[in-house]
2 protein chains.
Amino acid sequence: MAESNYHHGDLKNALIAAGVEILAREGIASLSLRSVARRAGVSHSAPYAHFSDKQTLIAAISTEGFRRLYSKLDTALNAHSAEPGRQLVACGQAYMRFALNERDIFKVMFSGVLEQEKEYPEFVEISQATFQLLVKVVDACQEKGILRPAPTDLLATAIWGQVHGLVSLALEKQISHTVLDLHPLDEVLLFTLNQFSQVPLTL
Amino acid sequence: MAESNYHHGDLKNALIAAGVEILAREGIASLSLRSVARRAGVSHSAPYAHFSDKQTLIAAISTEGFRRLYSKLDTALNAHSAEPGRQLVACGQAYMRFALNERDIFKVMFSGVLEQEKEYPEFVEISQATFQLLVKVVDACQEKGILRPAPTDLLATAIWGQVHGLVSLALEKQISHTVLDLHPLDEVLLFTLNQFSQVPLTL
DNA sequence: GCTATAATCTTGACAGTGTCAAGATAAGTT
DNA sequence: AACTTATCTTGACACTGTCAAGATTATAGC
């Protein structure tokens with residue numbers, strides 16, 4: 001307990017949560033070590049007991065972001081078990097919605113704010129696990145003849161790249177107006193996924 | 001001439017050039033209004049005569065980046081006129097090489113550092129012109145039966161998304177090691193483009 | 001239970017940043 | 001030649017990441 005701020009108890013996680021909230025509420029421009037400390041109610045230097053520098057805090061926030069993304073994808077998968085085609089579409093949609101709904105944490109995860117990602121083992125682990133989720137779906141789709149035979153991880157990389165690229169361009173508003181006026185983003189996604197598919201995928 | 005720094009002559013473009021150089025030499029972390037001013041040999045506030053704030057300078061640097069990308073793509077196109085299939089592959093490669101060789105300017109262009117891109121007309125213009133380059137190639141490919149019939153701008157968006165996503169994941173080192181060990185990036189690119197193609201594309 | 005040690009948090013400082021206001025300098029216009 | 005405007009400098013402010021020194025509390029060994 002304690003009104004005292006000394007030995008908060010779980011400041012590390014509180015700082016990560018504060019960071020996630022700042023990203024959601026105020027955006028990436030407001031994410032600073034000091035703002036995170038303020039929101040957690042501790043002094044501006046307190047974070048240094050838990051994070052050696054800003055990059056390390058960002059790595060922890062990114063890792064939390066991947067945990068959330070993983071969870072969304074997992075839910076999408078479980079909603080359509082034994083229907084790999086639907087699983088694939090649902091994953092794509094979940095990825096897209098996550099990016100659009102949580103713009104700024106998605107940006108932190110994928111836009112190079114984190115500079116040496118390989119140095120943060122927890123980050124590497126959860127990001128790879130997320131990819132493996134997709135590999136599994138792709139494999140199931142191949143077995144059912146929905147996707148062509150091809151090296152599974154290569155195909156999974158291609159599909160991930162496809163969805164990720166679309167989402168990134170959409171976030172940066174680089175997708176032409178005429179395209180988005182004529183076709184809602186869901187439809188664009190479906191169109192792109194269907195380039196890979198042997199049988200037509202639907203929503 | 002003049003040793004005097006007053007009325008430099010073309011400070012605006014000098015600042016943009018300085019920014020591009022800083023991105024190439026030192027990376028995005030070193031890009032500040034003050035570092036750009038230092039490199040151009042003027043005082044820390046001099047940029048404010050030409051850019052109302054940092055975002056406006058970044059918009060100008062991004063615009064310059066798009067000009068360079070446009071030029072690379074245009075060269076790739078002209079190297080294979082009357083062979084749309086090869087043009088498509090060459091464009092994809094040029095896009096990839098630009099991103100990998102000029103990491104940090106590419107990041108500035110596409111990673112949300114620029115926040116209200118729509119407010120910078122020159123930026124909008126060149127980025128749309130770049131997209132139109134791709135639309136043209138896709139259209140030519142469709143006419144030759146290399147790409148399926150489909151709304152051209154939708155197909156072009158899908159293909160751009162594909163290449164952009166691959167490149168982004170590669171830049172962030174998110175593409176799995178096992179994939180990149182087994183398949184060089186050029187091959188991954190070709191594999192993905194071939195998902196769209198009716199006839200096999202080669203390098 | 002007491003004490004030594006380690007972990008955690010605060011305070012205060014430093015250099016670097018974006019931005020603004022006031023003033024100096026030079027170019028262009030009449 | 002004088003006035004006006006664009007351009008550049010100087011100096012200031014609040015904010016940032018980071019570090020050093022010290023205060024507070026938890027923990028481990030006795």
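Letters A, B, ... mirror the listed sequences (proteins, then strands); counts begin at 1.
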Please give, in whole Å, the distance from [N] [atom2] to [X] [atom1]?
X: Lys54(B); N: dG16(C); atom1: NZ; atom2: C1'; value: 12 Å
X: Asp10(B); N: dA6(D); atom1: CG; atom2: P; value: 17 Å
X: Leu11(A); N: dT24(D); atom1: CG; atom2: C1'; value: 15 Å
X: Phe51(A); N: dA7(C); atom1: CZ; atom2: P; value: 17 Å
X: Asp53(A); N: dA20(D); atom1: CG; atom2: C1'; value: 17 Å
X: His50(A); N: dT18(D); atom1: NE2; atom2: C1'; value: 17 Å
X: Glu115(A); N: dG17(D); atom1: CD; atom2: P; value: 14 Å
X: Ile22(B); N: dT17(C); atom1: CD1; atom2: C1'; value: 14 Å

Would you mind telling me which of [options] lies closest to the side-chain atoms of [X]?
X: Ala46(A); options: dG18(C), dT10(C), dT9(D); result: dT10(C)
X: Ser45(B); options: dC8(D), dT9(D), dT10(C); result: dT9(D)
X: Ser32(B); options: dG18(C), dT11(C), dG17(D); result: dG18(C)
X: Arg34(B); options: dG11(D), dG18(C), dC8(D); result: dG18(C)

So, does Tyr48(A) get its side chain near the phosphate of dC19(D), meaning an N or O under 4.0 Å from OP1 or OP2?
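No, Tyr48(A) has no side-chain N/O under 4.0 Å of OP1/OP2 on dC19(D).
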So, does Arg38(B) get its side chain near the phosphate of dT17(C), meaning an N or O under 4.0 Å from OP1 or OP2?
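Affirmative; the distance criterion is met.
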Starting from the C-alpha separation in whole Å, work towards a yes-or-no answer on salt bridge (Lys or Arg N to Asp or Glu O under 4.0 Å) for Arg25(B) and Asp104(B).
CA-CA 9 Å; Arg25(B) 288 204 196 333; Asp104(B) 286 276; over 6 Å; no
Nearest heavy atoms of Ala156(A) and Val135(A), plus distance in Å:
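Closest heavy-atom pair between Ala156(A) and Val135(A): CB-CG2, 3.9 Å.
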Do [X] and [Y] have a side chain donor and acceptor closer than 3.5 Å?
X: Ser43(A); Y: Ser45(A); result: no
X: Ser32(A); Y: Ser35(A); result: yes
X: Gln128(B); Y: Ser176(A); result: no

Does any donor-acceptor pair link the side chain of His44(B) with the base of dG16(C) at a separation under 3.5 Å?
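It does not, because no donor-acceptor pair links the side chain of His44(B) to the base of dG16(C) below 3.5 Å.
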Hey, which sits more toward the 5' end of DNA chain C by its nearest nucleotide, Ser43(A) or Leu33(B)?
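The residue whose closest nucleotide sits nearer the 5' end is Ser43(A).
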